[in-house]
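Scroll down for the structure; my scribbles are underneath it.
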Amino acid sequence: MPQAFDVQNPPFDRLTYSEGEKLRSKLDIGYWGPGQTVIPQGGGAEHLHVIIKGAVEERDGDEPLAVLHAKDSFDAQALVQGMAGSAFVATEETLCYLVPKDVILDLIKANSGFAAFFYSELSRKLSDYAEQQGDGAGSVNNVLRARVRDTRLHEVCYIDGTASIKDAARMMEDYHNNTLFVKDGERIGIITGTNLSKSAVLMEMPLSTKVRDVAHFDIFAVDSDDFIFEALIKMTRHRVRRLAVVSGGQFVGTLEDIDILGLVAGNTQLIPGRIDRARSVADLEPAARDIQDQVARLHRQDVKVDVIAEITSELNRALFSKLFSFIAPPSIKEAGCLIVMGSEGRREQTVRTDQDNGLLLAHPVPEEDLAAFRRDFTAALERFDFPPCPGNIMVGNPQWSQTVDGFIQQLKSWVLTPDDLSAMNLGVFYDAVPVTGDPALLERAKSAMRNLMRGESAYLARFARAIDQFEEASASVLASIMATVGVGSDVIHIKRSGVFPIVHGVRVMSIDTGVIATSTMERIDALAAMSVIGEEFAGDLKSALAYFMELRLRSQLVAMRTGRQEEEAIVHIKELSSRERDLMREALKVTKKFREIVRSRYHLSAM
């Protein structure tokens, strides 16, 4: 029977042929009846158990955490660290392969890929999993994770600012370089072949015009040690086709979009050009569709979800800014600041879920201007397939499009006289970032919110209590891996059970400690730097969130293809591999631990 052992089942798929045969030769088989404890909580283990048939429940005290079935293995912690964090109890007649501890320890020493399965840190497990999933030499994700210094850079060529544009054209021809760095006293700028063409042809400037008169001195640059995806995001954000590359404080070359476009699925950098060339709201519709299609293309190329989210956020903001320029009347353009909030503000949205946007005004504007803008901006986004926000957190709602003075009063009412929606509104607003207009308006409102809530322990506790908004669902999730959960026997709601508890708990702690970062990942880093949470746990928390976001994106893409939008956050457990189920269990344990940290910090058990 040991010959029937599946060495392609993770983590054994990382073994060499000889290592797999050695393992098979040492296997034994064990039997447990219903209700028998296989490994007690706090106990050690002399074998790694791999289920052949039956079911084993993982328990924390009396609380069920997960149900394991055929091909699932347990318990790495008891084997390697000598003490099981949970109890493992057979729930029906169960047979397991038994892999001796000494065999496992020898394989861990000899095979780093196999060893990764036994790491206690979820972040290391996920890192190893990602490496195994693909990342071939030519994969898009591998390209995006390459360093700028490893790509083909265009040589740095300098020209004096007093030279003529004719001299510049000749120099470009001689050096086969379309970009020149311009030295003008203490300033350094850039001039491109496009700049020369526009100057000489469109603007009919004389060829004797000095280079410094047409050069750009606001240089966008990346460091040679930056990742390619960071360069791509910067190009997208600033809508430029090339970046200067810096190393040790010196320019060492230029990186052009053409050098990486062919390597990136869907040619992301082409979309900002379509947005810039738009001359009407109707012209923006194809670009809006392209952004959404781009998400699916990047995901098919195994690009990591955090990179997809950042690229998508930058493209969406370019879209919103252009739409604002078409729709906003002069009074609103002069006085307003358009903001996005929620997952869009945190740069964590990929597939469109709903509109979370608002408008802050420095002073009152004509009511007819504001009414028209509210109506037209919201309607345009609906045309672009941005669904209305169920909580009505949109420009179209007067509560979210008013003067900054009025909005600060609204913030005070949410804090001092809260209703059922106050916590949600405050949470969403704390994630706000400016899209276009005067960013000082947003900073003034966010500063007022921080001042209102800092030190308000009672309100922070009420605010934190939302972490248990889906407590019942989450508890059933932990008990339902391969058992019963949610709306079906094989289903969990990944947003309620994984994403929301982490995002909201981190948000509460950030408000409490004055962290001003917007993205959840950056907030976790800031909290770890302040020793609010441990550095190792911060790594696991970030990894858990990234894994949940990946699973949700998969579900969202399936929902888009099938038209079943009600399942956009639903994960079917049986569709996950055994390794993915293991990662799910680990990620949910991290989430559970984080809930306990938040509950303890804000004394939620006393409420």
Side-chain angles (χ1 to χ4, degrees), residues 313-314 316-329 331-349 352-367 369-384 386-415 418-419 421-453 463 503-504 507 511 516 518-519:
S313 293
E314 292 299 338
N316 280 341
R317 291 177 196 187
L319 180 74
F320 299 154
S321 180
K322 191 72 170 183
L323 180 62
F324 183 86
S325 73
F326 287 145
I327 290 178
S331 62
I332 289 179
K333 288 179 181 176
E334 183 274 328
C337 176
L338 180 69
I339 62 176
V340 291
M341 297 169 279
S343 59
E344 189 74 67
R346 298 190 307 270
R347 298 180 187 273
E348 293 164 12
Q349 188 172 101
R352 292 167 191 158
T353 50
D354 55 25
Q355 298 182 38
D356 280 333
N357 49 53
L359 177 71
L360 297 176
L361 297 166
H363 53 73
V365 298
E367 187 57 39
D369 285 358
L370 188 53
F373 176 77
R374 288 167 175 160
R375 179 190 66 240
D376 296 343
F377 190 84
T378 301
L381 287 182
E382 288 190 48
R383 283 173 57 187
F384 298 165
F386 285 87
C389 173
N392 204 20
I393 302 174
M394 302 186 295
V395 160
N397 180 354
Q399 192 175 57
W400 292 96
S401 54
Q402 58 175 307
T403 65
V404 66
D405 290 332
F407 190 74
I408 289 173
Q409 291 302 313
Q410 179 67 67
L411 291 172
K412 289 180 179 179
S413 70
W414 287 336
V415 173
D419 57 24
L421 298 178
S422 295
M424 177 189 72
N425 290 336
L426 289 166
V428 170
F429 177 68
Y430 198 67
D431 299 335
V433 295
V435 174
T436 187
D438 183 3
L441 297 174
L442 175 60
E443 179 50 37
R444 182 181 162 200
K446 292 187 84 168
S447 178
M449 176 181 169
R450 288 192 292 267
N451 291 336
L452 282 166
M453 297 188 69
F463 190 47
V503 168
H504 187 66
R507 181 163 48 202
I511 294 173
I516 61 174
T518 305
S519 81

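One is the number of the first residue; the rest follow in order along the sequence. Keep in mind it's a predicted model, so treat the numbers as computed, not measured.
No donor-acceptor pair under 3.5 Å is formed between the side chain of S321 and the backbone N or O of A318. Judged by distance alone, with hydrogens and angles left aside, the side-chain atoms of N451 form a donor-acceptor pair with the main-chain N or O of S447 at under 3.5 Å. In this structure a side-chain-to-backbone donor-acceptor pair under 3.5 Å is missing from Q409 to G406. In this structure, the side chain of Q355 engages the main chain of F386 through a donor-acceptor pair within 3.5 Å.
Under the 4.5 Å side-chain criterion, counting only non-hydrogen atoms from C-beta, K446 is in contact with F429. Between I327 and F373 the shortest side-chain heavy-atom distance falls below 4.5 Å. Side-chain contact check for L411 versus L426: some heavy-atom pair is nearer than 4.5 Å. Within the 4.5 Å cutoff, no side-chain heavy atoms of R347 are placed close to those of T518. Side-chain contact between F324 and I332: present, with at least one pair of heavy atoms (C-beta onward) separated by less than 4.5 Å. Within the 4.5 Å cutoff, the side chain of F384 has heavy atoms near those of the L381 side chain. The shortest distance between side-chain heavy atoms of N357 and E344 does not fall below 4.5 Å.
Taking every heavy atom of both residues into account, L359 and V395 meet most closely at N-CG2, 4.2 Å. Nearest heavy atoms, V433 versus G345: CG1-O, 3.6 Å. Minimum interatomic distance between S401 and L370 (heavy atoms only, all atoms of both residues): O-CD2, 3.9 Å. The nearest pair of heavy atoms linking A335 to L441 is O-CD1, 3.5 Å. The two residues S519 and R346 have their closest heavy-atom pair at CB-O, 3.4 Å. Nearest heavy-atom pair across M341 and V428 is CB-O, 3.3 Å.
Contact check on R383 versus D376 returns no salt bridge, with no Lys/Arg side-chain nitrogen under 4.0 Å from an Asp/Glu carboxylate oxygen.
Between the side chains of S313 and N316, not a single donor N or O lies within less than 3.5 Å of an accepting N or O. Side-chain N/O atoms of Q349 and S343 include a donor and acceptor closer than 3.5 Å.
To the nearest 0.5 angstrom, M394 atom CE is 7.0 Å from E382 atom CD. A distance of 3.5 Å separates CG in D369 from OG in S331, rounded to the nearest 0.5 Å. Summarising the geometry, atom CE belonging to M424 is positioned 8.5 Å from atom CH2 belonging to W414; distances are rounded to the nearest 0.5 Å. A distance of 10.0 Å separates CG of N392 from CG of N425, quoted to the nearest 0.5 Å. The NZ atom of K333 sits 12.5 Å away from atom CG of L338, with the distance rounded to the nearest 0.5 Å. Atom CD1 of I516 is separated from atom CD1 of I511 by 13.5 Å, given to the nearest 0.5 angstrom.
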> side-chain contact (heavy atoms from CB on, under 4.5 Å) between F320 and T436: does it pass, once the steps are laid out?
Replying inline: CA-CA 8 Å; F320 299 154; T436 187; over 6 Å; no

> Going through the distances and angles, do V404 and E443 end up as a side-chain contact (heavy atoms from CB on, under 4.5 Å)?
Replying inline: CA-CA 10 Å; V404 66; E443 179 50 37; over 6 Å; no

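Between F407 and W400, the angle of the ring planes lies from 30° to 60°, which puts this pair in the tilted group.
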